[in-house]
Amino acid sequence: MKLSDLDSLPKDESGPVFAEPWEAQAFAMAVKLNDAGVFTWSEWAETLGAEIRAEPDRAYYDSWLAALERLVEAKGLISTSERLGRIQDWDAAARATPHGKPIELSRSLPARGTAR
Amino acid sequence: MPHDGHDHDDDAGAALSPVALRVKALESLLVEKGYVDPAALDVLIETYETLIGPRNGARVVARAWTDPDFADWLRRDATAAITSIGYAGRQGEHMVALFNTPETHNMVVCTLCSCYPWPVLGLPPVWYKSMPYRSRAVMEPRAVLAEFGVTLPEGTAVRVWDSTAEVRYLVIPQRPGGTEGWSAEQLAGLVTRDSMIGTGLASSPA
């Protein structure tokens with residue numbers, strides 16, 4: 001290692017710590033919900049550990065996201081139907097958005113559970 | 001959600017992956033309900049991606065090498081010592097510093113879910129979260145070390161520490177020879193991330 005290398009930003013020799021942007025978003029949401037006191041870090045570790053044990057071959061952040069979904073529902077922040085409905089809304093919005101434009105949830109979308 | 005497993009471009013737009021949709025759904029609901037602030041999420045991501053990295057930990061190690069009082073403090077109460085130089089842990093997180101010696105090499109793993117000392121080391125490397133590392137580090141630490149290119153002297157024992165949600169470990173590697181008179185800032189440059197997990201040694205001076 002050369003001294004001239006030292007001032008560069010830290011890099012991860014084994015590749016990016018987040019493979020895709022969604023992983024970073026999922027990471028940040030769990031940290032912020034913990035900051036907000038929605039759950040303790042022990043509760044988080046327990047839930048994540050259970051998700052990993054349930055499907056050990058799944059990628060790490062897939063388990064992370066599954067744990068996050070489970071915990072926000074268990075804590076009553078979001079209901080399952082609300083979450084699944086919102087996934088459908090985003091899917092519809094993405095498909096209706098021309099390339100190169102930001103995907104936005106249109107307020108004119110039909111209400112969840114109707115007109116589908 | 002797409003049913004055919006891959007995305008077509010024949011729609012007006014493009015389908016997002018199922019996993020990206022799940023994240024957007026969660027985030028938009030949590031933001032609307034006021035549980036998370038989208039700007040704060042972005043700041044956090046940027047901080048962990050670019051600003052923290054392992055350099056905070058490297059500064060802690062270099063200080064321990066150059067300041068015996070700080071090293072003592074680190075041994076007694078690593079949480080307080082590390083907080084004193086501005087790297088506060090997440091709430092409830094207890095830091096423990098593990099000093100490598102010629103007799104004992106320390107190595108850290110999390111067999112549960114990859115708990116990691118983020119405030120000092122940034123985000124965990126990909127391999128730290130992998131099942132092979134998590135299981136093999138405990139069962140055959142020397143073989144794992146060899147794969148990282150680390151061969152320890154015969155007489156050095158390897159001690160493996162399992163992180164939990166409450167206790168995070170920071171390995172203090174041995175100071176490399178030939179660095180007498182170096183400043184803490186110079187020394188910090190020799191402290192690699194892997195040396196603070198125990199899967200590497202501090203670099204030798206070039």
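To find a chain, count down the sequence lines: A is the first, B the second, and so on, and within it residues start at 1. These figures come from a predicted structure and were not determined experimentally.
Between atom NZ of residue B/K33 and atom CD of residue A/E82 there is a gap of 3.5 Å, rounded to the nearest 0.5 Å. To the nearest 0.5 angstrom, B/I45 atom CD1 is 11.5 Å from A/E23 atom CD. Note that the CG atom of A/L68 and the CG atom of B/L30 stand 7.0 Å from one another [nearest 0.5 Å]. The CG atom of B/L21 sits 10.5 Å away from atom CG of A/D89, with the distance rounded to the nearest 0.5 Å. B/K24 contributes atom NZ, which lies 11.5 Å from atom CZ of A/R86 (distance to the nearest 0.5 angstrom).
Contacts from residues 71-80 of chain A to chain B, taken as heavy-atom pairs separated by less than 4.5 Å, involve A/V72, A/L77, A/I78 in sequence order.
Identified under the salt bridge (charged side-chain N to carboxylate O under 4.0 Å, His left out) test for residues 74-87 of chain B, with sequence neighbours left out: B/D72-B/R75.
In this structure, no portion of A/W44 lies under 4.5 Å from any heavy atom of chain B. Neither the backbone nor the side chain of A/A30 comes within contact range of chain B, judged by heavy atoms closer than 4.5 Å. B/D42 touches chain A through its side chain: at least one heavy atom from C-beta onward sits under 4.5 Å away, while N, CA, C and O do not. Within the 4.5 angstrom heavy-atom criterion, only side-chain atoms of B/V36, from C-beta onward, approach chain A.
A distance-only check finds no donor-acceptor pair linking the side chain of A/W22 to the backbone of B/V23 [under 3.5 Å].
Partners of B/D67 by salt bridge (Lys or Arg N to Asp or Glu O under 4.0 Å), not counting sequence neighbours, listed by chain and number: B/R63. Partners of B/V138 by side chain to side chain contact (heavy atoms under 4.5 Å, CB included), not counting sequence neighbours, listed by chain and number: B/V109, B/T111, B/V160.
Summarising the local packing, CZ of B/R159 is surrounded by 12 or fewer heavy atoms from other residues, nucleotides or ligands at distances under 6.0 Å. For A/E46, the CD atom sits in a loose shell: 12 or fewer heavy atoms of surrounding residues, nucleotides or ligands are nearer than 6.0 Å.
Across B/S28, B/A40, B/A20, B/A58, the residue that shares the most heavy-atom pairs under 4.5 angstrom with chain A is B/S28.
Of all heavy-atom pairs spanning A/R83 and B/L26, the tightest one is CD-CD2, 4.0 Å.
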